[in-house]
Number of protein chains: 2
Amino acid sequence: MITIKEMAEMLGISTTTVSNVINGKTSEVSQKTAEKVQKLLDEYDYVPNMNAKNLAQNHSRLIGIVLKRRKDKYENIFTDPFHGELLGALESAIREQGYYMMIYISEDIEEIVRNIVGWNTEGLILIGMLHDDYLKIRSKYKKPAVLIDSYTPKNIARYVNIGLDDEEGGYLMTKYLLDCGHRKIAFLADNMEGVDYIRYTGHQRALQEYGLDIDLDNLIVIRPSKYERQGSMEEIYAVAHKFTAFMCCSDYYAVTLMKYLKAKGIRFPEDLSITGFDDNLYAQLACPSLTTIHQDIFQRGTIAAEYLFKMIDGWNPKTTNLSLPVRLVVRDSVKLLNPPEDDSSDDSSAL
Amino acid sequence: MITIKEMAEMLGISTTTVSNVINGKTSEVSQKTAEKVQKLLDEYDYVPNMNAKNLAQNHSRLIGIVLKRRKDKYENIFTDPFHGELLGALESAIREQGYYMMIYISEDIEEIVRNIVGWNTEGLILIGMLHDDYLKIRSKYKKPAVLIDSYTPKNIARYVNIGLDDEEGGYLMTKYLLDCGHRKIAFLADNMEGVDYIRYTGHQRALQEYGLDIDLDNLIVIRPSKYERQGSMEEIYAVAHKFTAFMCCSDYYAVTLMKYLKAKGIRFPEDLSITGFDDNLYAQLACPSLTTIHQDIFQRGTIAAEYLFKMIDGWNPKTTNLSLPVRLVVRDSVKLLNPPEDDSSDDSSAL
DNA sequence: TTGAAAGCGCTAACAC
DNA sequence: GTGTTAGCGCTTTCAA
């Protein structure tokens, strides 16, 4: 690794001059010296030392992606295609801007914060963050940050959230199930704080529109760690006979659950209808293919990055809570119990 | 962000002392000063500046994951569950060691090399790398590196590859198809340089064992970019009637292809048998569920990280080419054409 | 157009 | 035990 200083010495010129031609400040340096320097640069494959550069300029060109590992959740968070797709979108957007991506995952939010500020991270994308964690990060980290899939119910901090119309998603799906004649619908969530809760409010709205009561027994909260998932599944199996439809908060859960219950002898959709949320490849591949709510994840990542870079450029947005559109995708996992009451406006079609 | 210098001034002591207590060198500093310093540390939430630290110590605590984006391949590489799972395994192994993970993706290997050396990356995990690219990296980067899924046919450079017994995988699957009575088997790969080629040699071995000729028309190379995939699929559809079985080099391709061909009216496995490779969640969810070759991806990531950290610790391995075991997983995507010739030893069972 | 010099925040050799 | 000092590789004022 050759350094600026070494090259300056070889050429008998100053480091300033070398630095100037490296950084393309052509007006500061004569044609002739520029060429001499450029020649050395090429010859020795000079690569600037990022640490030195960052230290001198007090920046880092680092964008942090923070994912809080919930110990009750994924053992491997990248396994979920939602995160995979999102990451891909973010990665390319970040690299396009000449920035670098660093991923921070931990159960311990303090550790995450330490790493973020230690690396002098210039911007943050916070995924699936709960309100308290957001505040913790915000109290130590003042640079731009964009949320994805985070609900911050209290109106304390300024924030930008690239969200989804989750309420509408919950509503659309519930309405569809009701239209299909289902009345005993279980709602399966994996927490009641984040997006799942909002989807649940949409669920409630549809029920109310139908003049139906909200029965809390119909709300099933999955405990999704590998070990506990098994336990959850057994519990769910035990009550499955009480319902005609399972409405799940993600394709992943729907598909996993379906696999488990199939092995127990339950047939889909003959014995039980099931729906997902996200519309990823799983939904298309499952048997039966899954009726679900579609969202465009790649777009979300792209938009989040766009906002972040505008903020890094100095733009100061007011609190914004984007609700990207969702749509119902009807496939084969819901059984028609009664003809729909009305000729409902579901013109959605299988992808 | 408070600095060591500032704290030293506040306490009227030297930066060395502060640095010593930060780094737990308790023997170098008196109980009393240590406490004073610790108090300030806590009070101001001191976090060391990584760039400064790295510069001073000439290290980085960075492990680079390099993925060469092939412009003819994935538009979003993380979408493939293989990469997702691998990344998850690597991430946790890396963080456990107190290192940080940086992902380098590009079509341009020169750019990747620049970033790697610019960040002073201390170790590399190279995924699915071709031989030439490996040499290019190696010519500029001398620190530890571990390959995953890379075949370096020429015996030039020392290397460590955490591979799979791909030959055996190709063999097992082909033998199984032959045992099931298939004679017109298409082999679908997406390149003929890396692991797919080795799998193909296993395929050939099985054919030879059966005294069958190798017909190059049976080798179909998929061009997998989004746009071209469609084209490839049409071509494949056009020749599908010539075969009784499609042997694919990944579950992903198998499942995608199956979806396309189903839409064209082909029934699986009645009209056409199909097999995968990897045994990820797709294989289990597909309809029919996929007969495939199982590999343990998480284990691979863990082992790769283990090797890398041992090398960083100074261990100097000789060239090693691990072949992690594979096994056949029989599910429902292969039709039995004739009774097997012998009572073959497939005691593999659906997962 | 060029260069000297200070500084980014931290570490480490060495002297006290 | 503690402090002085130089230095990691680069940028950046400011003066020449």
Side-chain angles (χ1 to χ4, degrees), chain A residues 1-38 40-41 44-62 98 100 114-122, chain B residues 1-38 40-41 44-62 98 100 114-122:
Chain A
M1 285 295 19
I2 198 166
T3 68
I4 287 190
K5 195 175 160 197
E6 285 165 358
M7 303 177 76
E9 274 165 12
M10 295 170 75
L11 257 31
I13 61 178
S14 79
T15 59
T16 310
T17 306
V18 178
S19 172
N20 278 144
V21 2
I22 288 169
N23 293 298
K25 299 187 183 167
T26 44
S27 60
E28 310 276 301
V29 48
S30 77
Q31 179 79 12
K32 251 187 70 182
T33 31
E35 276 166 15
K36 277 198 314 198
V37 172
Q38 190 57 54
L40 259 202
L41 250 30
Y44 285 91
D45 274 322
Y46 170 78
V47 177
N49 179 317
M50 289 295 181
N51 279 314
K53 194 169 184 163
N54 292 344
L55 183 59
Q57 300 189 140
N58 188 34
H59 70 198
S60 68
R61 306 251 132 208
L62 236 36
Y100 300 88
R114 266 196 310 276
N115 292 336
I116 289 168
V117 330
W119 279 98
N120 202 0
T121 312
E122 295 194 64
Chain B
M1 285 296 18
I2 198 165
T3 70
I4 287 191
K5 195 175 162 198
E6 284 165 358
M7 302 177 75
E9 274 166 11
M10 294 170 75
L11 258 30
I13 61 177
S14 80
T15 59
T16 310
T17 306
V18 178
S19 172
N20 279 144
V21 2
I22 287 169
N23 292 298
K25 299 186 182 168
T26 46
S27 60
E28 309 276 301
V29 48
S30 78
Q31 179 78 13
K32 251 186 72 181
T33 30
E35 276 165 16
K36 276 197 313 198
V37 173
Q38 191 57 53
L40 260 202
L41 251 31
Y44 285 90
D45 274 319
Y46 170 79
V47 177
N49 179 318
M50 289 294 181
N51 280 313
K53 194 170 182 160
N54 292 343
L55 183 59
Q57 300 190 140
N58 188 33
H59 69 198
S60 68
R61 305 251 131 207
L62 237 33
Y100 299 88
R114 267 196 309 276
N115 292 336
I116 289 168
V117 330
W119 279 97
N120 202 1
T121 312
E122 294 194 62

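No hydrogens, no waters, no symmetry mates; every other heavy atom, side chains included, goes into these values. Chain A is the first sequence line, chain B the second, and so forth, proteins listed ahead of strands; every chain is numbered from 1.
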> Taking all atoms of both residues into account, what is the closest heavy-atom pair of B:M1 and B:D45, and its distance?
Replying inline: CE-O, 4.5 Å
> Quick one: is B:T17 getting a side-chain N or O under 4.0 Å of the D:dG3 phosphate, OP1 or OP2?
Replying inline: yes
>> Quick check: closest heavy atoms across A:W119 and B:N51, and the distance to 0.1 Å?
In response: O-ND2, 4.3 Å
> Is any side-chain nitrogen or oxygen of A:N51 closer than 4.0 Å to OP1 or OP2 of D:dG9?
Replying inline: no
> Can a side chain N or O of B:S30 be found less than 4.0 Å away from OP1 or OP2 on D:dT2?
Replying inline: yes
>> Nearest to the side chain of B:T3, heavy atoms from C-beta on, is which of C:dC10, D:dT2, D:dT11?
In response: C:dC10
> Can you check whether A:N23 has a side-chain N or O nearer than 4.0 Å to OP1 or OP2 of D:dT11?
Replying inline: yes
>> Any side-chain N or O of B:S14 below 4.0 angstrom from OP1/OP2 of D:dT2?
In response: no
> Has the side chain of B:S19 got a donor or acceptor that lies under 3.5 Å from a partner of the other kind on the base of C:dA12?
Replying inline: no
>> Can you work out whether B:Q57 or A:K53 has the more 5'-proximal nearest nucleotide on DNA chain D?
In response: B:Q57
>> Hydrogens and angles aside, do B:T33 and B:S30 bring a side-chain donor and acceptor to less than 3.5 Å of each other?
In response: yes
>> I want to check one thing: is the phosphate of C:dT11, taken as OP1 and OP2, less than 4.0 Å away from some side-chain N or O of B:T16?
In response: no
> Any side-chain N or O of A:Y46 under 4.0 Å from OP1/OP2 of D:dC10?
Replying inline: yes
>> Are the side chains of B:L62 and B:E122 in contact, using a 4.5 Å heavy-atom criterion?
In response: no
